[in-house]
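Below: one structure, written as structure tokens.
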Amino acid sequence: MSLLNLPTRFDFGQTEAKWTQVWKTKDYFHPQASGDAPSFSIAFPPPNVTGVLHMGHAANISIQDALIRGKRKLGFNTLWTVGTDHAGIGTQVMVEKQLKAEGTSRQELGREGFLERVWQWKDEYGSRIFEQMMRLGASGDFKRARFTMDEGYSTAIRKVFVDWYQAGIIYRANRLVNWDPASQTVLSDLEVESKEEKGSLWHIRYPLSEDPSQGIIVATTRPETMLGDSAVAVHPDDSRYQHLIGKTVTIPLSGRQIPIIADGEVADPSFGSGAVKITPAHDFNDWECGQRNDLEIMQVIDINACMNDKVPAQYQGLKVIKAREAIVTDLETEGFLVQVDDHIYQPGRSSRTGALVQPLPLVQWWVDMKRLADPARDAVREGRIKYVPERYTDEGVEWLEKDIRDWCISRQLWWGHQIPVWYDEQGEIAFVGTEDPDPEQSQNWTRDEDVLDTWFSSALWPFATLGWPEQTPELKHFYPTTVLSTARDILKLWVARMNFSSHYFLDKIPFEHVLVHATILTKDGKRMSKSKGTGIDPLDMVNKYGADACRYWLAQVSLTGQDVRFADDKLESSQHFVTKIWNASRFVLMNLDDFDPNYSLDLTQLKLSDRWILSRLRQLHTVVTQSMDDFSLHHATRELYQFIWTEFCDWYLELAKPRLQGEQRQQVQAILFTCLNTMLHLLHPFMPFVSEELWSEGLKKLDPNLPGEHLAIAPWPIIDHLPAVDNEAESQMDLLMETVRVIRNLRMEVGVASNKSVESVYLASTEATDREILNASQGMICTLAKVDQLQISSEMPELEQAAHGVSQTIQVALPLAGLIDLDKESERLEREIGKLDKDLAGLKQRLENPKFVDRAPADVVEQVRSQMQELTYQHQLLTERLQSLKS
RNA sequence: GGGCGGUUAGCUCAGUUGGUAGAGCAACUCGUUUACACCGAGUAGGUCACAAGUUCGAGUCUUGUACCGCCCACCA
């Protein structure tokens with residue numbers, strides 16, 4: 001390809017496809033698990049095979065790939081493990097929906113037939129997810145891709161279950177659990193969400209058994225549960241009810257008699273009537289109360305959220321909501337309903353199906369969390385696992401420290417890891433093992449129907465993906481992983497669980513850093529939601545703006561610690577940046593057609609602008625390199641933008657243009673080459689495609705000796721041979737740029753069109769060094785300010801008609817006989833003087849404060865003094881101008 | 001009820017150890033000067049939510065208030 005007649009727009013579609021293919025063919029992202037290079041590894045949080053990736057995934061890919069690509073180029077042996085999660089409930093729900101649309105059901109297909117269908121689904125969506133990742137440029141190791149239900153992974157799961165079972169950490173117990181009637185399975189506490197909803201608080205009178213004319217009033221948000229009440233509790237110190245404790249009341253509509261008990265934990269005298277009905281089978285607090293007081297557990301709601309046969313006939317089989325209506329009506333009719341209040345409460349709902357969660361007593365499998373939590377907590381508390389941003393540290397461990405409750409791991413689903421437990425004919429546990437039992441021996445045994453919670457398998461992700469429980473080279477080489485980058489909402493659900501699993505089985509931390517990235521919100525700051533249609537497919541954005549633009553924007557905003565609002569136009573400006581890079585590179589390459597790669601830059605012949613841009617380049621290099629270690633990707637991206645667009649394009653390239661025509665051509669070419677080469681390397685983690693294209697098709701062809709066959713694996717640029725940061729050059733350039741700005745400003749103010757050059761500009765300074773700098777850079781000022789010639793002197797001559805300005809210690813005058821409107825000019829000067837007055841007043845106030853001069857550091861005082869001096873000087877000059885104008 | 005964030009230019013957001021506020025987009029003016037009009041040059045726009053405190057000095061530190069968001073625990 002010839003870069004000399006490239007289009008002015010970067011064709012991202014074609015280029016992305018090309019490089020994805022090349023990188024894949026070259027196997028660049030499939031590292032050997034050997035060698036002396038330090039390792040840097042990330043396990044990509046496996047997306048659910050329920051569907052396609054969303055913007056949150058794209059953000060996370062942008063972050064992780066930036067780090068992986070950066071570290072790869074920095075010489076680390078990098079492994080980015082990718083894969084997908086079987087997502088038990090989620091996937092099963094999706095496939096069941098599909099079946100329903102086809103007029104069949106999982107029950108009709110049977111367990112085996114159903115699982116076959118789910119595997120088909122998985123194959124389709126799993127590969128689609130990998131395609132999406134590749135489209136975004138993810139340099140993951142797709143050859144080592146894993147799935148949470150692949151063979152090796154399943155072996156790991158079995159081992160964990162059996163080990164924990166044998167250690168007594170996994171046990172089976174009958175307890176109150178969260179039941180999702182929609183998906184017909186148990187949920188863990190973390191899978192239940194509660195949000196405020198409008199409801200009612202019904203006050204119901206329970207008559208005293210011995211004297212129905214008396215009674216006790218209880219309040220409830222769920223009247224239907226009264227049919228399963230086992231007691232009414234009052235506070236032991238509540239004087240109103242002392243005489244009733246120990247007596248019994250009759251449950252209205254049911255006629256059952258239940259005791260009035262004293263329980264200080266569940267009854268709050270200040271709420272409602274101070275008396276509370278206790279339903280151990282359907283409420284977590286009541287369950288605890290039942291345990292304390294040895295109450296009957298009377299289940300009245302079944303797994304379909306319907307009233308069961310323990311309730312009066314007229315309510316049997318009714319859905320709880322219907323039953324509630326019927327019961328309330330009947331209570332009212334029979335005079336038991338005392339009062340109804342509007343009430344805001346927070347019912348639990350399934351995070352997956354949104355169904356109202358029913359607390360039900362069921363026999364399930366549990367993990368004893370207290371046996372696992374401590375080492376995981378210590379690793380975080382002692383700083384061996386670091387959270388970024390730091391504030392998430394607490395969120396990461398508080399759950400392990402305080403709120404920890406045992407984890408219910410069995411699910412009544414078909415899709416997942418079936419629990420490796422067999423029961424004998426009596427229903428007793430007969431066998432638990434990593435291999436299936438001997439068929440002869442197990443003839444009359446039945447296997448536990450349930451599967452394990454999806455998070456039980458996700459908890460092994462960072463090490464199971466590396467081959468554990470086998471002691472693989474990958475495990476030795478890449479474990480613990482370096483970084484885990486994830487969304488905030490799964491810190492407990494997933495991150496904490498990987499932590500304790502890793503400590504138990506490998507006695508190691510699973511990762512050193514936990515990066516918590518931003519949530520990508522809609523334009524209005526709402527959560528993106530597929531069901532509301534506010535979700536955005538990253539591929540649409542890639543197709544529209546290109547992968548580089550998307551990645552760059554996401555990397556820039558996703559690690560600042562703040563959630564971000566997404567809108568198309570933001571990607572537009574990133575795309576403009578890509579175009580800018582493309583065109584700047586095109587210009588450089590066009591001017592390197594006769595570039596001699598063997599020419600070595602003569603450091604003794606550098607001009608001011610050369611020294612300046614190289615100094616800036618070095619600082620850019622430092623910032624971007626640093627960002628790979630401290631994850632300050634937003635700094636890196638911003639600095640790249642500032643450097644490339646403003647410093648390199650707006651100033652340096654403009655200065656380079658005339659020099660490329662003269663005797664300095666080779667020297668300038670060498671600097672342009674160095675800048676572009678370094679820029680493309682530093683950009684590559686954020687914009688892999690455009691940088692690879694420009695480097696491989698451009699620079700690498702000009703100088704085949706550049707290390708690395710492609711930019712993706714070319715070593716990070718070394719700039720040690722370049723001059724150190726040059727403060728002198730930077731401050732001198734600042735002076736010159738400021739002067740150019742003043743001239744441009746004057747031109748605009750007096751209405752000189754920007755394409756017209758002006759004949760001459762007068763510059764005067766009493767400082768010899770100023771004049772020296774100006775004299776040495778006359779050409780530069782003329783080029784940038786479109787001026788034919790400069791008159792540089794120590795004193796500003798009296799000019800007939802001119803516009804005046806001042807740049808630091810330099811007076812600037814633009815003489816334009818006939819073009820200057822005297823009134824406008826004095827107005828302008830007055831405006832400038834006004835600004836100076838304001839600034840000077842502030843400075844003066846500080847300097848006149850003896851405490852400031854006394855207590856502030858000397859360099860700060862000095863800085864204020866010199867600023868004062870400079871502004872005073874400017875003030876004086878402009879005032880003189882104004883006076884002479886008026887006289 | 002407890003915890004954590006946020007409140008900075010019209011909009012979306014930066015602002016590293018306290019030294020007197022920046023970018024992108026939008027607006028306005030000028031310009032097609034052969035890298036780029038997805039461009040260049042310039043202009044305008046902010047008592048940094050509010051109040052007190054510490055300090056010579058506070059967007060930055062402390063306390064309180066208001067509003068918005070998230071997380072946890074829940075009074076039935």
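All of these numbers come straight from a predicted model, not from anything done at the bench. Lettering follows sequence order; numbering is per chain, from 1.
- Whole-Å rounding puts the A:E749 CD to B:C28 P distance at 19 Å.
- Contacts of A:P850 with the nucleic acid, taken as non-hydrogen atoms under 4.0 Å apart, are absent.
- Atom pair A:D394:CG and B:G5:C1' shows a separation of 13 Å (rounding to whole Å applied).
- One side chain, A:S188 or A:E191, offers a donor N or O that lies under 3.5 Å from an acceptor on the other.
- Remark: the A:E654 side chain and the B:A35 base include a donor-acceptor N/O pair separated by less than 3.5 Å.
- Among the heavy atoms of the strands lying under 4.0 Å from A:N849 are primed sugar atoms or P, OP1, OP2 only; no base atom is included.
- Between B:U43 and B:G3, the two C1' atoms lie 47 Å apart (nearest whole Å).
- A:R747 comes within contact range of no nucleotide atom at all, as no heavy-atom separation falls under 4.0 Å.
- Spacing between B:G59 and B:U20 at atom P, rounded to whole Å, works out to 11 Å.
- Among the heavy atoms of the strands lying under 4.0 Å from A:V266 is at least one base atom, whether or not backbone atoms are also near.
- Nucleotide B:A9 is matched to nothing when pairs are restricted to Watson-Crick or G-U wobble geometry with both distances under 3.5 angstrom.
- Both cation-pi conditions hold for A:K657 and A:F587: the charged atom is under 6.0 angstrom from the six-membered ring centre and inside a 45 degree cone around its axis.
- Looking at heavy-atom distances under 4.0 Å, A:F577 makes no contact with the nucleic acid at all.
- No engagement by A:K756 is indicated, since no non-hydrogen atom pair under 4.0 Å with the nucleic acid exists.
- Spacing between atom CE of A:M748 and atom P of B:G42 amounts to 9 Å, rounded to whole angstrom units.
- Backbone-only engagement by A:H343 is indicated by non-hydrogen atom pairs under 4.0 Å involving sugar-phosphate atoms exclusively.
- Checking A:N849 against A:R846 by side-chain atom types alone, no donor-acceptor pair falls below 3.5 Å.
- When each of B:C70, B:A35, B:C30 is scored by its nearest atom to the side-chain atoms of A:C649, the top-ranked nucleotide is B:A35.
- Contact annotation: the side chain of A:R222 approaches that of A:T225 to within less than 4.5 Å [non-hydrogen atoms, C-beta and beyond].
- Taking only side-chain atoms of A:T579, from C-beta outward, the nucleotide of B:C36, B:C39, B:U32 with the closest atom is B:C36.
- Summarising the geometry, the separation between CD on A:E193 and P on B:C72 is reported as 8 Å, rounded to the nearest angstrom.
- Using cut-offs of 30° and 60° on the angle between ring planes, the pair A:F10 and A:F12 is tilted.
- Under the 3.5 Å distance criterion, with hydrogens and angles disregarded, a donor-acceptor pair is assigned to the side chains of A:D341 and A:H203.
- The partner of B:A27 is B:U43, judged by Watson-Crick or G-U wobble contacts that both fall below 3.5 Å.
- Put simply, CG on A:L521 is 9 Å from C1' on B:G69, counting in whole angstrom units.
- Side-chain contact check for A:D394 and A:Y387: no donor-acceptor pair (N or O, by modelled atom type) lies under 3.5 Å.
- Using a 4.0 Å heavy-atom distance criterion, A:A267 is classed as a base contact.
- Mapping A:S273 and A:G525 onto RNA chain B via the closest heavy atom, the residue that lands nearer the 5' end is A:G525.
- Contact check, A:W645 against B:G40: a side-chain N or O comes under 4.0 Å of OP1 or OP2.
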### Task
Given side-chain contact (heavy atoms from CB on, under 4.5 Å), test A:E749 with A:E825 step by step and report yes or no.
CA-CA 9 Å; A:E749 295 276 0; A:E825 174 66 3; over 6 Å; no

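- Comparing atom distances between the A:D650 side chain and each of B:C71, B:A76, B:G40 picks out B:G40 as nearest.
- Taking atom C1' on both B:C4 and B:G45, the two are 34 Å apart, rounded to the nearest angstrom.
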### Query
Run the salt bridge (Lys or Arg N to Asp or Glu O under 4.0 Å) check on A:E738 and A:R741 step by step: do they pass?
CA-CA 5 Å; A:E738 176 63 19; A:R741 274 190 216 103; 3.3 Å; yes

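- Taking the six-membered ring wherever Trp is involved, the centroid distance between the rings of A:F566 and A:W553 falls below 6.0 Å.
- Atom pair A:F648:CZ and B:A35:C1' shows a separation of 10 Å (rounding to whole Å applied).
- A distance of about 15 Å separates the C1' atoms of B:G6 and B:C50, rounded to the whole Å.
- The side chain of A:K835 has B:A44 as its nearest neighbour among B:G42, B:C36, B:A44.
- Rounded to whole Å, the separation between the P atoms of B:C38 and B:A44 comes to 26 Å.
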#### Entry: Sequence-aligned protein contact record of nucleotides 11-16 of chain B, with B where the base is within under 4.0 Å of a protein heavy atom and S where only the sugar-phosphate is
-SSSS-

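- The distance between atom CZ of A:F852 and atom P of B:A58, rounded to the nearest whole Å, is 12 Å.
- With both pairing distances under 3.5 Å, B:G69 is matched to B:C4 as a Watson-Crick or G-U wobble pair.
- Rounded to whole Å, the distance from CZ on A:R9 to C1' on B:A35 is 11 Å.
- Under 3.5 Å, the side chains of A:R488 and A:T519 contain a donor-acceptor pair of N or O atoms.
- Comparing A:F587 and A:Q642 by the nucleotide of RNA chain B whose heavy atom lies nearest to each, the residue mapping closer to the 5' end is A:Q642.
- Atom P of B:G22 sits at a distance of 14 Å from the matching atom of B:A9, rounded to the whole Å.
- As the counterpart of B:U62, B:A52 is assigned, both hydrogen-bonding distances of the Watson-Crick or G-U wobble pattern falling under 3.5 Å.
- One finds no side-chain N or O of A:N755 lying less than 4.0 angstrom from the OP1 or OP2 phosphate oxygen of B:C30.
- If you check B:A35, B:G19, B:A73 against the side chain of A:R405, the one that comes closest is B:A73.
- With B:C38, B:C4, B:A41 as the candidates, the nucleotide lying closest to the side chain of A:H576 is B:C38.
- At B:C70, none of the side-chain N or O atoms of A:R391 fall inside 4.0 Å of OP1 or OP2 (strictly under the cut-off).
- Here A:G274 lies in heavy-atom contact (under 4.0 Å) with a base.
- Put simply, A:K580 has no side-chain N or O that comes within less than 4.0 Å of OP1 or OP2 on B:A35.
- A:A856 comes within 4.0 angstrom of a base, heavy atoms only.
- In this structure B:A14 sits in no base pair that meets the Watson-Crick or G-U test at under 3.5 Å.
- Of the N and O atoms on the side chains of A:K756 and A:S754, not one donor lies less than 3.5 Å from an acceptor on the other residue.
- Nucleotides B:U62 and B:A21 have their P atoms positioned 22 Å apart, rounded to a whole Å.
- Nucleotide B:C36 forms a pair with no other nucleotide shown, judged by Watson-Crick or G-U wobble geometry with both contacts under 3.5 Å.
- Nucleotides B:G15 and B:A49, compared at atom P, are 15 Å apart to the nearest Å.
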